[in-house]
A.B. asks: 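Attaching a single structure in structure tokens format; questions to follow.
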Amino acid sequence: MSLKAPRGTNDILPPLSLKWQYVEEKIRELLRVYNYEEIRTPIFEYTELFQRGIGETTDIVEKEMYTFTDKGGRSITLRPEGTAPVVRSFLENKLYGEAQPRKFFYIGPMFRYERPQAGRFRQFHQLGVEALGSNDPALDAEVILLGLNILEKLGLTDLETYINSIGCPKCRADYLEVLKGYLQEHREELCRDCQTRLERNPLRVLDCKNESCSRVVLEAPLIIDYLCDECDEHFNQVKDYLDYLEVKYQVDPTLVRGLDYYTNTAFEIKYRGLGAQDTIFGGGRYNGLAEEIGKKDIPGIGFAIGLERLMITLEEQGIELPVEKGIDLYITTIGDRAKRAAFKYIYHLRKAGLKTEMDYLDRSVRSQMKAADRMNATYTIILGEDELDKGVATIRNMKSGEEVEIKLDKLVEHMSM
RNA sequence: GUGGGUGUAGCUCAGUUGGCUAGAGCGCAGGAUUGUGGCUCCUGAGGCCGUGGGUUCAAGCCCCAUCACCCACCCCA
């Protein structure tokens, strides 16, 4: 028995789990206002969905998926991302038959077989939003705003927003020709990885961090100069909406996404303090995805926030999350009769919404008081034979030390005040 | 998949050139007038020194392998 969680996975224990809850609550509040509704899709899907959706030549599909054959001989994959499943569900349930666009969000674990490092795990959690059924640039802007709003609401600062457009399949094809030509001319200056990328996926050369490659990229033709009229107009409108609301962003012509389904708008929000994995959230438009997996032309846009990275950033920036600690009342008991009585009292107190505890280890009064102190009880009450006989007990305010006599049959009332 | 760093009590760490029953602080449990927390004091529990091999009279210390964690590459959230 190894007693170890698998590599790259984490237990989220209290009090951290309470912080997660708080963050998720805050995010849900905002999603409600933006009118994004929760969708829950399976944790695993048929492997084919991701192969076709994300793209056969992407790193995710080539080497990062948790894929296995189930007992029925089907190839199953633990979801490495949330967009393809949402689009699959949208198509399967024919939600295009309802009023458009539909706006969804999901929160849950994703799985990628990667080497763990700062801000990167094999099981990690994403909050994602997907707006399906409209190609309106206003939605692109809305989604970016929503993401920024979430981070802002949690109190984060010093974030950098980058956007770009990677065009549609038509103009991208033209651009790729030009880019390939250019890179071909500078082939010797590229790193070995990039020389192979040149053939398979030249766009990736653009965000190579190799020094020599970066120099080549500086002079490289840019996709935004090769966008077709339609894509150019789309991108301009997105920027216009963002400018209109005075959102600060930078156009980064080298921003490309690693998943095949992206078209037009692509964006990332980064926090420099995160280390090498500094993207808190990223996303973009994926107008070709529904066609790819379901032969339906349905546009979509969305993003995903890495919740672990979000939590790390909150920690980095010293943001205190107001998580509840402590309990309302601890009942100290002496003897079996008192224990039984206390058991009944906490039942009624809890029904009245009061966070209440008692001793389960038959400890001394002293130890019970210590326990009450350690669990940050606001009040304690001591229950012994005397109190039960008289029906009166002393309730102690643990902060002030002040004690008040109350009737036991009025305990719930007293505590509810 | 590649490279660098790390692995000793629940936590943070100490552990001399390999040599007696492996230590500290914090935390945890109990107690310090018999029914009252925080401060103080006392006592106690808890370690196959990541795991498996090897070298040696002797290994927490040396060698090899392996696993995990951290960091970077790659890629991404």
Side-chain angles (χ1 to χ4, degrees), chain A residues 1-10 13 54 57-64 79-83 107-128 147 191-194 196-197 201 204 207-210 255-259 262 266-271 274-284 302-313 330-335 338 359 361-387 393-401 403:
Chain A
M1 234 351 255
S2 75
L3 273 190
K4 268 181 183 161
R7 177 153 210 214
T9 65
N10 292 110
L13 305 169
I54 299 172
T57 66
T58 59
D59 277 15
I60 293 181
V61 170
E62 274 186 344
K63 47 190 198 197
E64 297 176 3
R79 63 181 185 192
E81 58 98 48
T83 302
I107 296 184
M110 303 295 163
F111 307 86
R112 292 184 200 172
Y113 190 87
E114 296 186 270
R115 191 87 176 254
Q117 74 182 72
R120 190 168 76 184
F121 309 97
R122 290 186 172 177
Q123 174 174 333
F124 60 102
H125 298 77
Q126 288 188 334
L127 162 96
C191 68
R192 215 182 323 139
D193 284 341
C194 281
T196 46
R197 283 191 190 114
N201 204 336
R204 298 274 189 77
D207 58 7
C208 180
K209 280 152 198 149
N210 180 291
L255 170 61
V256 290
R257 317 247 62 223
L259 287 66
Y262 285 111
F267 56 90
E268 284 185 2
I269 280 66
K270 297 184 179 200
Y271 173 59
L274 267 182
Q277 313 300 319
D278 59 1
T279 302
I280 301 179
F281 83 79
F303 68 67
I305 295 183
L307 293 179
E308 281 80 1
R309 289 183 190 176
L310 177 61
M311 299 306 293
I312 294 168
T313 306
Y330 185 97
I331 301 183
T332 302
T333 60
I334 304 155
D359 176 63
L361 293 168
D362 294 321
R363 286 183 283 204
S364 66
V365 170
R366 177 193 180 75
S367 294
Q368 291 187 53
M369 289 300 286
K370 274 190 183 176
D373 188 54
R374 247 169 291 133
M375 57 178 86
N376 241 297
T378 308
Y379 293 99
T380 53
I381 189 166
I382 296 179
L383 228 50
E385 295 294 330
D386 280 6
E387 287 79 5
T394 303
I395 188 161
R396 177 183 177 89
N397 181 322
M398 293 294 273
K399 262 211 191 72
S400 64
E403 298 193 335

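Naming convention: chains lettered A, B, ... in sequence-line order (proteins, then strands); numbering from 1 in each chain.
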A.B. asks: Would you say A:Val365 and A:Thr333 make side-chain contact, with heavy atoms under 4.5 Å?
C.D. replies: no
A.B. asks: So which nucleotide from B:U36, B:A77, B:G1 ends up closest to the side chain of A:Tyr113?
C.D. replies: B:G1
A.B. asks: Over all strands shown, is A:Phe281 touching base, sugar-phosphate only, or nothing at heavy-atom distances under 4.0 angstrom?
C.D. replies: sugar-phosphate
A.B. asks: Distance check needed: B:U40 C1' versus A:Asp373 CG, whole Å only.
C.D. replies: 15 Å
A.B. asks: Are A:Asn10 and A:Gln123 packed together at the side-chain level, in the sense that at least one heavy-atom pair is separated by less than 4.5 angstrom?
C.D. replies: no
A.B. asks: Do side-chain atoms of A:Arg309 reach the backbone of A:Thr279 as a donor and acceptor pair under 3.5 angstrom?
C.D. replies: yes
A.B. asks: Return no unless some side-chain N or O of A:Gln117 is found under 4.0 Å from OP1 or OP2 of B:A72.
C.D. replies: yes
A.B. asks: Which part of the nucleic acid does A:Gly401 contact within heavy-atom distance under 4.0 Å: base, sugar-phosphate only, or nothing?
C.D. replies: base
A.B. asks: If you measure from the C1' atom in B:G5 to the same atom in B:G44, how many Å do you get, rounded?
C.D. replies: 38 Å
A.B. asks: So which one's nearest nucleotide on RNA chain B is more toward 5', A:Glu385 or A:Leu361?
C.D. replies: A:Leu361
A.B. asks: Quick check: are there more than 12 heavy atoms from other residues, nucleotides or ligands sitting under 6.0 Å from OH of A:Tyr379?
C.D. replies: no
A.B. asks: Would you indicate what A:Glu403 reaches in the nucleic acid, counting non-hydrogen atoms under 4.0 angstrom: base, sugar-phosphate, or nothing?
C.D. replies: base
A.B. asks: Measure from CZ on A:Arg7 to P on B:U51 and round the result to the nearest Å.
C.D. replies: 19 Å
A.B. asks: Measuring from the side chain of A:Lys370 (C-beta onward, heavy atoms only), which nucleotide among B:G31, B:U2, B:A68 has the closest atom?
C.D. replies: B:G31
A.B. asks: Using the C1' atom as the point on both nucleotides, what is the distance between B:C62 and B:C49, in whole Å?
C.D. replies: 15 Å
A.B. asks: Distance check, P atoms only: B:A58 and B:G19, in whole angstrom units.
C.D. replies: 14 Å
A.B. asks: Ignoring hydrogens and angles, are the base of B:A77 and the side chain of A:Glu114 linked by a donor-acceptor pair under 3.5 Å?
C.D. replies: yes
A.B. asks: Please report the distance separating the C1' of B:C74 from the corresponding atom of B:U66, rounded so that it comes out in whole Å.
C.D. replies: 25 Å
A.B. asks: Base, sugar-phosphate, or nothing for A:Ser364, non-hydrogen atoms under 4.0 angstrom?
C.D. replies: sugar-phosphate
A.B. asks: For A:Phe121, which contact category applies under a 4.0 Å heavy-atom criterion: base, sugar-phosphate, or nothing?
C.D. replies: base
A.B. asks: For the base of B:G35, is there a side-chain donor-acceptor partner from A:Glu387 under 3.5 Å away?
C.D. replies: yes
A.B. asks: Have a look at A:Ile305 and say if it touches a base, only the backbone sugar-phosphate, or nothing, with a 4.0 Å heavy-atom cut-off.
C.D. replies: nothing
A.B. asks: Consider the side chain of A:Lys4, meaning its heavy atoms from C-beta on, and name the nucleotide among B:C73, B:A68, B:A77 that approaches it most closely.
C.D. replies: B:A68
A.B. asks: Using a heavy-atom cut-off of 4.0 Å across all strands, would you classify A:Gly8 as base, sugar-phosphate, or nothing?
C.D. replies: sugar-phosphate
A.B. asks: It should be established whether A:Arg120 places a side-chain nitrogen or oxygen under 4.0 Å from OP1 or OP2 of nucleotide B:C75.
C.D. replies: no
A.B. asks: Below 4.5 Å, heavy atoms only, C-beta onward: do A:Thr380 and A:Met369 meet side chain to side chain?
C.D. replies: yes
A.B. asks: Please work out if A:Gly275 contacts a base, only the sugar-phosphate, or nothing of the nucleic acid, heavy-atom cut-off 4.0 Å.
C.D. replies: sugar-phosphate
A.B. asks: From the set B:G35, B:A77, B:C74, return the single nucleotide nearest to any side-chain atom of A:Asp59.
C.D. replies: B:C74
A.B. asks: Below 3.5 Å between N/O atoms, which protein atoms pair up with nucleotides 26-29 of chain B? Just atom names and distances, please.
C.D. replies:
{"unit_1": "B:C28", "atom_1": "OP1", "unit_2": "A:Arg374", "atom_2": "NE", "d": "3.4"}
{"unit_1": "B:A29", "atom_1": "OP1", "unit_2": "A:Arg374", "atom_2": "NH1", "d": "3.2"}
{"unit_1": "B:A29", "atom_1": "OP2", "unit_2": "A:Arg374", "atom_2": "NH1", "d": "2.8"}
{"unit_1": "B:A29", "atom_1": "OP2", "unit_2": "A:Arg374", "atom_2": "NH2", "d": "3.4"}

A.B. asks: Taking the P atom of each, how far is B:C28 from B:C70, in whole Å?
C.D. replies: 27 Å
A.B. asks: For the residue pair A:Phe303 and A:Phe267, categorise the inter-ring angle as parallel (less than 30°), tilted (30 to 60°) or perpendicular (more than 60°).
C.D. replies: perpendicular
A.B. asks: Side-chain contact, heavy-atom cut-off 4.5 Å: A:Phe121 with A:Glu308?
C.D. replies: yes
A.B. asks: Please, what dot-bracket string fits RNA chain B when only Watson-Crick and G-U pairs with both distances under 3.5 Å count, crossing ones use [ ] and pairs to another strand use |?
C.D. replies: (((((((..((((.....[...)))).(((((.......))))).....(((((..]....))))))))))))....
A.B. asks: Can a side chain N or O of A:Arg396 be found less than 4.0 Å away from OP1 or OP2 on B:G37?
C.D. replies: no
A.B. asks: With a 4.5 Å heavy-atom cut-off, do A:Arg112 and A:Glu81 have their side chains touching?
C.D. replies: yes
A.B. asks: Using the rule given for side-chain contact (heavy atoms from CB on, under 4.5 Å), can you reason through A:Ile305 versus A:Ile280, listing the C-alpha separation, both sets of side-chain angles and the distance that settles it, and then say yes or no?
C.D. replies: CA-CA 6 Å; A:Ile305 295 183; A:Ile280 301 179; 4.2 Å; yes
A.B. asks: Rounded to whole angstrom, note down the C1' distance from B:U51 over to B:A14.
C.D. replies: 24 Å
A.B. asks: Specify the separation, in whole Å, of atom NZ of A:Lys63 and atom C1' of B:G1.
C.D. replies: 7 Å
A.B. asks: Where the side chain of A:Gln368 meets the backbone of A:Arg363, is there a donor-acceptor pair that is under 3.5 Å apart?
C.D. replies: yes
A.B. asks: Does B:G37 have its OP1 or OP2 closer than 4.0 Å to a side-chain nitrogen or oxygen of A:Thr380?
C.D. replies: no
A.B. asks: Which of the following nucleotides, B:A68, B:C71, B:U2, is nearest to the side chain of A:Ala118?
C.D. replies: B:C71
A.B. asks: Check the distance between B:G35's C1' and A:Ile381's CD1 and give it to me in whole angstrom.
C.D. replies: 14 Å
A.B. asks: Could you tell me how far apart A:Arg122 (CZ) and B:C74 (P) are, to the nearest whole angstrom?
C.D. replies: 18 Å
A.B. asks: Under 4.0 Å between any heavy atoms, over every strand shown, what does A:Ala372 touch: base, sugar-phosphate, or nothing? Just pick one.
C.D. replies: nothing
A.B. asks: Taking only the C1' atom of each, what is the distance from B:C69 to B:C11 in whole angstrom?
C.D. replies: 16 Å
A.B. asks: Using whole Å, what does the distance between atom P of nucleotide B:A77 and atom CD of A:Glu308 come to?
C.D. replies: 13 Å
A.B. asks: Is there a donor-acceptor pair closer than 3.5 Å between any side-chain N or O of A:Arg7 and the backbone N or O of A:Arg115?
C.D. replies: no
A.B. asks: Could you check whether A:Ile280 gets within reach of a base, just the sugar-phosphate, or nothing at all, counting any heavy atom under 4.0 Å?
C.D. replies: sugar-phosphate
A.B. asks: Tell me the interatomic distance from A:Leu274, atom CG, to B:C71, atom P, rounded to whole angstroms.
C.D. replies: 11 Å
A.B. asks: I need the CD-C1' distance between A:Gln368 and B:G38, as an integer number of Å.
C.D. replies: 17 Å
A.B. asks: Apply the test side-chain contact (heavy atoms from CB on, under 4.5 Å) to residues A:Met110 and A:His125: give CA-CA distance (whole Å), side-chain angles for both, the deciding distance (0.1 Å), then the verdict.
C.D. replies: CA-CA 6 Å; A:Met110 303 295 163; A:His125 298 77; over 6 Å; no
A.B. asks: Sticking with atom C1', work out how far B:G15 lies from B:G25, rounded to a whole angstrom.
C.D. replies: 15 Å
A.B. asks: Pick the nucleotide of RNA chain B nearest each of A:Arg366 and A:Arg112; which residue has the one closer to the 5' end?
C.D. replies: A:Arg366
A.B. asks: Determine yes or no for a side-chain-to-main-chain donor-acceptor pair under 3.5 angstrom, with A:Arg122 supplying the side chain and A:Phe111 the backbone.
C.D. replies: no
